[in-house]
Amino acid sequence: MNSNKILIQSMAGLGVLTLSLTACGGVETAAGGSDFPTKSVNLVAPSSPGGSTDLISRALASSMEEPLGESVVVENKAGANTAVGTKEVLNSEGDGYNTVLAAESLFAITPLFVDDADAKTMEDMTVVAPVSVEEYILVVNKDSGITSLDELLKKESIKYATSGAGTGGQFGQAALFSLADKKATDVPFDGGSAAVTAVLGNHADATATQLAEVRAQIDAGDLVPLAVFSDERSEYYPDVPTVDESGYDIDVQQRRWIAVPSNTPDEVVSTLRDSVETAKDSEEFQEFLKSNLIGEWEGDASDVTSTVDEDTQTYADLAEQYDIGGK
């Protein structure tokens with residue numbers, strides 16, 4: 001029988017079942033996802049090339065291809081603390097071919113600093129799977145002579161570099177200096193590397209950024225780590241205390257997950273989820289995480305939603321109590 005013909009089979013009591021057999025042999029359901037994927041999947045890294053978001057996206061995409069059975073193409077869509085690329089994906093068709101590595105700071109922190117009438121929320125997406133978690137570390141220039149957080153807080157005033165409005169590094173430092181009742185000035189830069197360069201050039205007293213962005217300078221002795229903004233010490237820098245150990249209850253980490261538009265069919269989400277989880281367990285991806293000082297975010301999709309909701313409330317309470325925010 002020619003595969004282009006329409007096969008109609010009458011079934012007593014069940015009506016008429018119609019299947020369209022295409023020349024390529026694929027069968028599509030009403031939801032459009034039974035054979036997903038049949039072409040390459042796009043993974044948007046909503047940042048510039050070279051940063052953590054970009055690196056994680058590329059490592060994950062490479063490890064997803066085998067279990068998914070199709071290529072995964074990473075596309076950088078930078079702008080507005082990941083808002084540009086994230087919005088583009090969440091506004092696209094929910095067919096599974098457009099995915100994004102979403103960042104918690106965009107949903108839990110950015111709204112405290114930036115008014116955006118078109119801002120996306122967790123309700124605008126379906127979470128596929130959690131991927132990674134990164135700690136923020138506070139560093140100063142070795143030439144400052146400062147070797148502890150207490151010494152930094154003894155300065156009459158502090159200029160701290162940030163990677164932009166609404167980022168975790170900005171919020172962590174703003175919260176810390178507010179809780180410490182210190183006169184501190186936010187010096188914004190376009191990205192974490194620029195903020196680090198400012199501290200290296202003595203144009204700012206300190207900056208808080210993700211571990212991977214300052215590892216080389218710390219190991220070389222050019223930057224001195226003072227504290228991490230996590231509830232426990234970093235496994236990569238176990239000698240560096242948490243800010244909580246100095247009496248400041250602040251836990252700010254950058255968490256990332258794969259997301260798709262909210263109307264993506266369940267069977268498509270399930271296929272993507274299986275491929276992401278398999279990719280995370282791969283030796284290649286685990287080695288990537290270790291070499292870049294990035295933690296794996298274990299758990300399931302519901303953990304992402306509950307964690308973001310809890311952190312959003314925590315940050316909002318801190319912002320209200322200590323007048324943190326730039327809107």
Side-chain angles (χ1 to χ4, degrees), residues 44-57 76-90 100-121 132-141 158-178 184-201 203-215 217 223 228-230 250-257 294 308 311-312 315-316 318-319 322-327:
V44 167
S47 69
S48 302
S52 291
T53 299
D54 175 64
L55 296 175
I56 294 169
S57 297
N76 293 95
K77 293 281 185 177
N81 185 30
T82 76
V84 172
T86 303
K87 284 182 181 180
E88 181 172 311
V89 170
L90 298 185
V100 63
L101 184 67
E104 182 183 28
S105 59
L106 178 62
F107 302 94
I109 295 176
T110 300
L112 299 173
F113 294 87
V114 179
D115 276 322
D116 183 358
D118 298 319
K120 293 299 179 182
T121 68
S132 62
V133 57
E134 287 185 88
E135 298 148 318
Y136 287 96
I137 190 167
L138 183 69
V139 296
V140 295
N141 191 311
I158 299 170
K159 290 192 300 181
Y160 62 97
T162 71
S163 57
T167 58
Q170 181 195 30
F171 183 83
Q173 292 179 98
L176 170 63
F177 299 132
S178 292
T185 303
D186 179 346
V187 183
F189 291 89
D190 186 16
S193 61
V196 172
T197 299
V199 175
L200 288 169
H203 303 299
D205 297 311
T207 191
T209 189
Q210 290 145 15
L211 299 185
E213 295 183 329
V214 288
R215 178 185 188 180
Q217 294 89 343
L223 292 176
V228 291
F229 290 84
S230 51
I250 306 168
D251 181 6
V252 183
Q253 300 180 70
Q254 182 64 293
R255 298 178 182 272
R256 295 184 176 88
W257 63 92
I294 299 170
V308 174
D311 288 347
T312 298
Y315 300 150
L318 275 173
Y322 293 98
D323 193 25
I324 303 169
K327 293 194 300 184

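Within the 4.5 Å cutoff, the side chain of Val199 has no heavy atoms near those of the Gln217 side chain. Counting only heavy atoms from C-beta outward, the side chains of Val252 and Ile109 approach each other to under 4.5 Å. Side-chain atoms of Asp323 and Ser178, non-hydrogen and from C-beta on, never get closer than 4.5 Å to each other. Between Tyr160 and Thr207 the shortest side-chain heavy-atom distance does not fall below 4.5 Å.
Applying side chain to side chain contact (heavy atoms under 4.5 Å, CB included) to Leu138 and the options Val214, Leu176, Thr209 leaves one that passes, Leu176.
What you find for Ala119 and Lys87 is that their closest heavy atoms are CA-CE, 4.2 Å. Closest approach of Arg256 to Ala103, counting heavy atoms only: CG-CA, 4.2 Å. The minimum heavy-atom distance between Gln210 and Ser52, with the atom names listed, is OE1-OG, 3.2 Å.
Rounded to the nearest 0.5 Å, atoms CG (Asn76) and OG (Ser57) are 7.5 Å apart. Considering CD of Glu104 and OG of Ser132, their distance stands at 11.0 Å, rounded to 0.5 Å. One finds the CD1 atom of Ile324 at 11.5 Å from the CG atom of Asp186 (value rounded to the nearest 0.5 Å). Going from atom CD1 of Ile56 over to atom CD of Gln254 covers 8.5 Å, rounded to the nearest 0.5 Å. Between atom OH of residue Tyr136 and atom CD1 of residue Ile250 there is a gap of 13.5 Å, rounded to the nearest 0.5 Å.
Looking only at distances, a side-chain donor or acceptor of Thr110 sits under 3.5 Å from a matching main-chain atom of Ser105. Under a 3.5 Å cut-off, the side chain of Glu88 and the backbone N or O of Val84 do not form any donor-acceptor pair.
Between Phe171 and Phe113, the ring planes lie perpendicular to each other; the angle is over 60°, past the 30° to 60° tilted range.
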Practice prompt. Take Asp311 and Arg255 through the side-chain contact (heavy atoms from CB on, under 4.5 Å) test and state the conclusion after the steps.
Written response: CA-CA 11 Å; Asp311 288 347; Arg255 298 178 182 272; 4.3 Å; yes
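Under the side-chain contact (heavy atoms from CB on, under 4.5 Å) criterion, Ala78 pairs with Ser48, not counting sequence neighbours.
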